[in-house]
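Remarks on the structure that follows.
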Number of protein chains: 2
Amino acid sequence: MPIIKKTYKDQVVGHVYQLLLTGELAPGDQLKESLLAAEMGISRAPIREAMKELIMNGLVDYRPQVGNFIPVLSPKQIIDSYTTRGVLEGYAVMSTFEQFADEEIGKLENLTAQMESYAKKKNHKMVVEVGGEFHDLLISKNDNVQLLEYTDRLSLKLHIQFCRHWSKLYSPVEIGQRHRAIVESLRLKDPTRIEMVVREHYVETGTKIAEL
Amino acid sequence: MPIIKKTYKDQVVGHVYQLLLTGELAPGDQLKESLLAAEMGISRAPIREAMKELIMNGLVDYRPQVGNFIPVLSPKQIIDSYTTRGVLEGYAVMSTFEQFADEEIGKLENLTAQMESYAKKKNHKMVVEVGGEFHDLLISKNDNVQLLEYTDRLSLKLHIQFCRHWSKLYSPVEIGQRHRAIVESLRLKDPTRIEMVVREHYVETGTKIAEL
DNA sequence: CGGCTGGGTAATGTCGACAGTCGACAAAAG
DNA sequence: CTTTTGTCGACTGTCGACATTACCCAGCCG
C-alpha cells in the first residue's frame, strides 16, 4: 500500500483499495471508468492507468471490450492461489533457514502466542496484524527479488479478497497449532520439513477459505 | 504469443515482441510512446495500454515520469528469476508425477535425444523448439491456474531476454544430461527427487546465463 | 410460445492536444 | 575551476471528445 500519492493514478489505486477493504466493492462488481472518474473529479485516462496496475496485482479482472470486475474466485482458484503462495514462501523460508537466530525463533513463538491470545478474545484485527508480522519476519531473510514480487502480489491479492471473512476463519487452537509447527520445524533446522510445513500451512488455509 | 489481434493494443504488443525477438530493441533501450505511435500510425493511447501489459509480463521496466525501458537484468536478477521458475515448475511436475504414463516418459526421452542431435548440429532454433515441447509436456498435467500464470510469465520473460544468447549456451552433453536426469526421476516416481531435479535444472541454467 | 433479429444504450477503445516533470546542458556566481 | 542555478527539449501524464463494441430488450417470425 503506497503512502506517497504523486500522480492521479496512484490516488486512484489507493481509492480502490479503500473501496475494496471497506467492502463497498464486492466480488463481481464492475469498476466503471466514467463513474470512478466522476467520483474523483478527474478524467478516465488515469483511471485506466490505475486499472492496469490493479489487474497486474490480481485485484481486478479485465474482460476486453467489457470492463473491469472485482474477481469472483472459485474454490479451485482459491486453493490454487494459496497453494502457489505456499510453494513460493515455503521455498523462501527453507532457503534461508540457517539465518534464523534462536532469538528470532523465540520472537516467532512469541508472536504465535499473541495471535492465540487475540484469537481467544475475538480481536480479529489484531490477529491479522500480528499474523502479518509473523509472516514478514519469516520471509524477511530472503532477497530473491523475483520471488518476492510474486509473494507480495499474492499476499496482497488474498488479503484483499478475504479480509471480509477473517472473522469466520480463525479458531485459536488451529492458529496456535499451525504456526507452532512452522516455528518447531525452524528450530529443528530441517530444511525439507520446513518447506513442507509452510507449504501445508497455506494449503490448509486455502482449503478452509474455499469451503465457506 | 497471441495470434488474434483484435485491438490495436494487441497489435502493439505483438509488434514489440517482434522488435525484441529480432534484436532491434536491446536491453536498456527506451520505448518511446510517440515514436511507436508514429511507427504504427496510431495514437499514444493504445501504446500505453500495451506498455502496461508488457510491464505486467516483466518484458518492460517502467520508471515513473521517465519512460519504459527494456530491462537490463543483473546476474543476481537472472539467477533469481530462474530459481523462482525452478521452484514453481519443480512443484508443478512433482505434484502431477503420477499422471505420467510410461509412453509419455518415453516421449520425453525421445525429445531429449532430438535436442542432443540438434545441438550437435548447432541448429539452435530447433533445440529451443524441441526444448519448448519437452517443457510443455512436462507441466501439461498441472492445472493450477495461479501457478501457470506465473510460470508462463517467467517463461516468456526469460525467453525474450535471452533468445539472443542461446547459441552460446548449449553444449550437447549438458543438454542430454540435464534433461535425462529429469526423465529418470520421473521414471523412478520419486516426488522429492523430481522436484529437486527440476529445480536444480533451472538454477543451473540461470547460473550459466548469468555468467556471460 | 420460443428463438431470432435489430436497434438503442452504456460501457470500453481511440484520438489529438495540452500540461507537468525529468535530465542535460549552459551560463553565472563563488 | 567548481558549484549552483536557469533554461530548454523531450518525454510522460492528463484531458475531453469521438468511435466502436457488447449487452439488453422489444418486436417479429416460425
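Residue numbers start from 1 in every chain, and the chains themselves are labelled A, B, ... in the order their sequence lines are given, proteins ahead of strands. Because only heavy atoms are used, hydrogens play no part in the values below, and waters and symmetry mates are left out as well, while side chains stay in.
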(request) Could you please name the option among C/dC22, D/dT14, D/dC11 that lies closest to any side-chain atom of B/Q65? (result) C/dC22

(request) For D/dA19, take OP1 and OP2 only and decide whether either is under 4.0 Å from a side-chain N or O of B/Y8. (result) no

(request) Using whole Å, report how far CD of B/E49 lies from P of C/dT12. (result) 12 Å

(request) Hey, could you give me the OH/OG distance between B/Y202 and B/S81, rounded to the nearest 0.5 Å? (result) 13.0 Å

(message) Quick one: does any side-chain atom of B/D29 pair with a main-chain N or O of B/A26 as donor and acceptor, under 3.5 Å?
(response) yes

(request) Considering only NZ, NE, NH1 and NH2 on the basic side and carboxylate oxygens on the acidic side, decide whether A/R153 and A/E149 come within less than 4.0 Å. (result) yes

(message) From CD of B/E33 over to C1' of C/dC15, roughly how many Å is that when rounded to an integer?
(response) 14 Å

(request) Counting heavy atoms from C-beta on, name the nucleotide in C/dC15, C/dG13, D/dT14 closest to the side chain of A/P46. (result) D/dT14

(message) Both conditions, 6.0 Å and 45 degrees, for the charged tip of A/K52 above the ring of A/Y62: are they met here?
(response) yes

(message) Both A/S43 and A/V66 contact DNA chain D. Taking the nearest nucleotide for each, which residue is further toward the 5' end?
(response) A/S43

(message) Test your reading of the model: is there a side-chain donor-acceptor pair from A/Q161 to the backbone of A/I78, 3.5 Å cut-off?
(response) no

(request) May I have the distance from A/D10 (atom CG) to D/dG13 (atom P), rounded to whole angstrom? (result) 10 Å

(request) Would you check if the side chain of B/N57 reaches a backbone N or O of B/L59 as a donor-acceptor pair within less than 3.5 Å? (result) no

(message) Nearest whole Å is fine: how far is C/dT21 C1' from A/K9 NZ?
(response) 15 Å

(request) In whole angstrom, give the distance that lies between atom CE of A/M51 and atom P of C/dG13. (result) 12 Å

(message) Heavy atoms only, 4.0 Å cut-off, all strands: where does A/L31 land among base, sugar-phosphate and nothing?
(response) sugar-phosphate

(request) Find the distance A/N68:CG to C/dG13:C1' and express it as a whole number of Å. (result) 12 Å

(request) Could you state the atom-to-atom distance from CZ of B/R48 to P of D/dT14 in whole Å? (result) 7 Å

(message) Expressed as a whole number of angstroms, how long is the span from A/I42:CD1 to D/dG13:C1'?
(response) 11 Å

(request) Under the salt bridge (Lys or Arg N to Asp or Glu O under 4.0 Å) rule, what do A/K107 and A/E103 come out as? Steps first, then yes or no, please. (result) CA-CA 6 Å; A/K107 173 142 195 211; A/E103 104 189 19; over 6 Å; no

(request) Select base, sugar-phosphate, or nothing to describe what A/Q30 touches, counting heavy atoms under 4.0 Å on all strands. (result) sugar-phosphate

Nucleotides 17-19 of chain C: which of its N/O atoms have a protein N/O under 3.5 Å away?
none

